[in-house]
Amino acid sequence: MGELEVEKHAQYILSVEKRKDDFESVVMEHLRMNGAYWGLTTLDLLGKLETVDKDEIVSWVMSCQHESGGFGGNVGHDPHILYTLSAVQVLALLDKLDVLDIDKLANYIASLQNEDGSFSGDMWGEVDTRFSYIAICCLSLLHRIDKINVEKAVNYVVSCKNLDGGFGSIPGGESHAGQIFCCVGALAITGSLHHVDKDLLGWWLCERQVKSGGLNGRPEKLPDVCYSWWVLSSLIMIDRVHWINKEKVARFILDCQDKENGGISDRPDDAVDVFHTYFGVAVSDNDFSDSCTPLEGIHCMAMVDPKPPVLFYIVMELDFHFLNIRD
């Protein structure tokens with residue numbers, strides 16, 4: 001079946017940071033905080049985190065913090081809950097959470113909770129269950145989940161559950177593997193998984209596996225490496241991961257590798273990127289590789305001593321498909 005190209009993937013991640021003036025870097029400028037999280041976590045999983053200057057990274061992350069307490073995607077950019085979680089994840093990964101004014105940051109996140117329990121992404125008010133997950137995940141990492149109304153937050157997430165067992169971005173929204181990860185993750189962190197019909201949801205998630213072995217985000221869509229993470233993590237949380245053929249998933253991911261230059265793409269023969277490299281390595285790491293560090297599924301961080309096995313957000317992070325065009 002082949003193997004994960006550990007050294008080449010590590011070199012690919014390191015090379016991306018050096019190419020600050022090419023087209024890919026320019027169009028990704030507003031997502032740089034997310035990119036830092038994807039890249040650094042990938043290096044950590046591959047056992048290569050010591051190759052970066054941690055002090056320089058911490059300094060840059062803190063330069064992206066806004067007076068409100070939230071973080072932007074890059075220096076001078078407006079704060080958003082998406083980038084705020086990535087900033088917290090990066091600092092936690094580097095064991096540098098002590099540089100934060102945690103109460104100020106927690107108050108920023110709590111200020112985004114609405115009366116119905118939902119969360120807005122920023123001051124402009126967009127509501128999405130992604131933001132519910134991120135808020136709950138981030139506050140749990142900071143040990144400040146008491147800053148929000150947890151009961152209302154849980155009730156809002158449950159209101160987004162559909163008849164097929166899945167979850168949407170808002171009440172009545174179409175079930176989507178990425179949203180399911182967010183909602184199930186939020187319920188798992190808050191001890192509320194009893195709201196999930198595990199067999200019904202497990203069936204829907206297992207139906208995402210296609211003939212190639214890859215998984216898609218919705219019915220009749222193409223498989224994508226990132227959905228291997230969303231689907232498998234959700235199945236792990238509801239104890240139904242044994243319903244998936246993991247060997248076929250592994251084969252699909254390995255087929256998406258650039259074996260010459262490193263990196264992993266969304267599907268075989270497409271261009272590689274940091275986002276899919278991160279999720280490909282994360283799934284490979286957990287399911288079939290002996291060369292990486294285990295990743296904890298609900299919050300998505302490498303479990304490396306002396307760091308505790310914290311529940312981490314992996315989002316949800318910004319998949320171009322998931323966040324922008326919802327493939």
Side-chain angles (χ1 to χ4, degrees), residues 33-34 36-37 40-41 44-45 49 54 57-59 61-62 64-72 79-114 117-122 129-158 181-195 233 236-237 282 293-317:
M33 186 67 74
N34 299 118
Y37 165 67
L40 290 169
T41 307
D44 196 19
L45 292 170
L49 192 58
K54 296 181 181 181
I57 293 168
V58 171
S59 177
V61 169
M62 295 307 297
C64 296
Q65 188 171 29
H66 193 267
E67 180 60 31
S68 64
F71 287 81
H80 194 287
I81 199 168
L82 285 166
Y83 310 124
T84 298
L85 177 56
S86 288
V88 170
Q89 288 175 307
V90 168
L91 293 175
L93 183 70
L94 301 178
D95 197 23
K96 293 291 186 179
L97 285 176
D98 59 336
V99 303
L100 289 171
D101 181 336
I102 290 179
D103 285 325
K104 182 178 181 179
L105 177 52
N107 287 335
Y108 166 75
I109 296 170
S111 73
L112 296 173
Q113 186 171 29
N114 302 307
S118 65
F119 284 84
S120 299
D122 58 15
T129 47
R130 288 175 296 144
F131 307 150
S132 295
Y133 168 70
I134 292 171
I136 289 169
C137 178
C138 196
L139 289 174
S140 71
L141 289 171
L142 300 173
H143 303 290
R144 293 293 191 278
I145 200 164
D146 59 324
K147 290 282 189 177
I148 62 172
N149 188 319
V150 175
E151 182 179 2
K152 282 188 174 183
V154 168
N155 288 340
Y156 181 78
V157 170
V158 173
F181 169 84
C182 294
C183 292
V184 173
L187 295 176
I189 293 169
T190 56
S192 307
L193 280 176
H194 57 278
H195 290 292
S233 294
I236 288 170
M237 286 186 274
T293 302
L295 191 70
E296 197 278 331
I298 302 174
H299 290 66
C300 307
M301 280 198 84
M303 297 190 295
V304 184
D305 292 333
K307 292 199 299 288
V310 292
L311 300 176
F312 235 67
Y313 152 58
I314 212 183
V315 140
M316 291 221 15
E317 290 265 280

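When a residue number appears, it is its place in the shown sequence, counting from 1.
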So [Y] and [X], do their side chains get closer than 4.5 Å, heavy atoms only?
X: Phe119; Y: Tyr156; result: no
X: Met33; Y: Leu82; result: no
X: Val184; Y: Tyr133; result: no
X: Leu85; Y: Ile109; result: no
X: Cys64; Y: Tyr83; result: no
X: Thr190; Y: Val157; result: no
X: Tyr108; Y: Thr84; result: yes
X: Leu187; Y: His194; result: no

Non-hydrogen atoms of [X] and [Y] that approach each other most closely:
X: Thr129; Y: Cys183; value: CB-SG, 3.6 Å
X: Met237; Y: Leu193; value: O-CD1, 3.5 Å
X: Val154; Y: Ser192; value: CG2-OG, 3.6 Å
X: Ala153; Y: Ile136; value: CB-CD1, 4.2 Å
X: Val158; Y: His195; value: CG2-CG, 3.5 Å
X: Lys147; Y: Ala110; value: O-CB, 3.6 Å

Worksheet item: With no hydrogens and no angle check, is any side-chain donor or acceptor of Ser118 less than 3.5 Å from a backbone partner on Asn114?
Response: no
Discussion item. Using a 3.5 Å distance criterion without hydrogens, assess whether the side chain of Asp44 forms a donor-acceptor pair with backbone atoms of Leu40.
Written reply: no
Gap between atom [atom2] of [Y] and atom [atom1] of [X] - 0.5 Å precision:
X: Ile148; Y: Asn107; atom1: CD1; atom2: CG; answer: 12.5 Å
X: Ser68; Y: Leu105; atom1: OG; atom2: CG; answer: 9.0 Å
X: Arg144; Y: Ile102; atom1: CZ; atom2: CD1; answer: 5.5 Å
X: Lys96; Y: Met62; atom1: NZ; atom2: CE; answer: 12.0 Å
X: Asp122; Y: His66; atom1: CG; atom2: NE2; answer: 11.0 Å
X: Leu49; Y: Ile57; atom1: CG; atom2: CD1; answer: 7.0 Å

Practice prompt. For atom NZ of Lys152, decide whether the heavy atoms of other residues, nucleotides or ligands shown that lie under 6.0 angstrom number more than 12.
Written response: yes
Worksheet item: Of Val88, Ile189, Leu91, which meets side chain to side chain contact (heavy atoms under 4.5 Å, CB included) against Leu141?
Response: Val88
